[in-house]
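The structure appears below as structure tokens.
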Amino acid sequence: MKKVLLCAMALFCAVAVSAQTAEELAASTARLEKLAGIEKPKPCDLATIQALSADMSTISDETLKISTLLRALSENATDRVAALTQAKDLLPRVKAQTAAIENASKLIPTAGEELTTIKNPLKLKAPTKALSYAKKILPLVTAETVFQGKAVVAIIGKLTKK
């Protein structure tokens, strides 16, 4: 059910953001579906890997929330003032996402080094899954955040021109 709602949300977002190309919209829909489908890992004992996993989970959730707000913004197209206010409110959130992604990406090399400190192969499962989760999420949220930034700027530009 979550995937169906996410697809519908992405479709509504796609309709509203006409400044984006069809390929970008299709790619965004695919990224959102993948984000919603990736299972969050269990906690692990390594601090850096756990912090990275938690950060990526938070970033993923925020990316999905921003997409939901973009959909809501597209449905509110009749009230230009409210839509412009909402779009301007989304811009700082997208910028904060960019900073969070940058900070999380700096943790990946350290997390990889921390993973090599484990000598017992039986204890590698949870940290390896958590690091793998972060590596799967990072390119998806990075590309989606770029798309969201372009979409918000396009909406603001469209609403201020009329």
Side-chain angles (χ1 to χ4, degrees), residues 2-3 5-14 16-17 19-21 23-76 83-118 126-157 159:
K2 184 177 178 183
K3 289 182 183 179
L5 290 174
L6 187 59
C7 289
M9 171 182 56
L11 180 63
F12 283 117
C13 181
V17 187
Q20 307 301 315
T21 65
E23 294 84 19
E24 289 175 320
L25 297 173
S28 174
T29 301
R31 283 190 299 269
L32 293 172
E33 287 175 0
K34 286 180 184 177
L35 275 176
I38 296 175
E39 187 176 326
K40 295 179 182 173
K42 295 178 182 176
C44 69
D45 295 335
L46 301 176
T48 304
I49 294 176
Q50 181 58 37
L52 176 63
S53 178
D55 287 351
M56 294 311 294
S57 179
T58 303
I59 290 168
S60 175
D61 291 343
E62 180 66 9
T63 298
L64 293 171
K65 287 177 187 175
I66 291 172
S67 292
T68 303
L69 293 173
L70 277 172
R71 179 184 59 93
L73 184 60
S74 69
E75 293 172 353
N76 193 15
L84 185 60
T85 303
Q86 289 174 349
K88 287 181 178 180
D89 289 344
L90 278 178
L91 201 54
R93 290 180 71 175
V94 173
K95 288 181 181 179
Q97 277 290 91
T98 304
I101 291 168
E102 184 178 327
N103 291 336
S105 65
K106 290 178 184 176
L107 290 176
I108 289 180
T110 308
E113 291 172 9
E114 189 176 45
L115 188 61
T116 62
T117 62
I118 297 178
T128 303
K129 282 188 175 183
L131 188 56
S132 175
Y133 168 78
K135 287 182 178 181
K136 284 180 190 174
I137 293 288
L138 186 62
L140 295 172
V141 295
T142 301
E144 189 60 26
T145 301
V146 169
F147 172 78
Q148 290 171 345
K150 288 179 183 179
V152 170
V153 169
I155 290 170
I156 291 172
L159 293 172

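The residues of the chain are indexed from 1 along the displayed sequence.
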Roughly how far, to the nearest 0.5 Å, is [atom2] of [Y] from [atom1] of [X]?
| X | Y | atom1 | atom2 | answer |
| --- | --- | --- | --- | --- |
| I156 | L91 | CD1 | CG | 5.0 Å |
| L52 | T110 | CG | OG1 | 9.5 Å |
| T142 | L138 | OG1 | CG | 4.0 Å |
| Y133 | S60 | OH | OG | 5.0 Å |
| L46 | L131 | CG | CG | 10.0 Å |
| I66 | L73 | CD1 | CG | 12.5 Å |

So [Y] and [X], do their side chains get closer than 4.5 Å, heavy atoms only?
| X | Y | answer |
| --- | --- | --- |
| E113 | T48 | no |
| L84 | K88 | yes |
| P127 | I118 | yes |
| D89 | T85 | yes |
| D55 | L107 | yes |
| E62 | R93 | yes |
| T145 | I101 | yes |

Between T63 and Q97, is there a side-chain donor-acceptor contact under 3.5 Å, judged purely by atom types and distance?
yes
Using every non-hydrogen atom in the two residues, find where [X] and [Y] come nearest and quote the distance to one decimal.
| X | Y | value |
| --- | --- | --- |
| I155 | A87 | CG2-CB, 4.0 Å |
| K136 | I38 | CB-CD1, 4.1 Å |
| L140 | R31 | O-CD, 3.5 Å |

For the pair S53 (side chain) and I49 (backbone), establish whether a donor and an acceptor sit closer than 3.5 Å, ignoring hydrogens and angles.
no
S132 (side chain) donor-acceptor with T128 (main chain) under 3.5 angstrom:
no
State whether K40 and D61 are salt-bridged, where the test is any N-O pair (Lys NZ or Arg NE/NH1/NH2 against Asp/Glu carboxylate O) under 4.0 Å.
yes
Identified side-chain hydrogen bond (donor to acceptor under 3.5 Å, both in side chains) counterpart of S28 within the set E144, K150, E33
E144
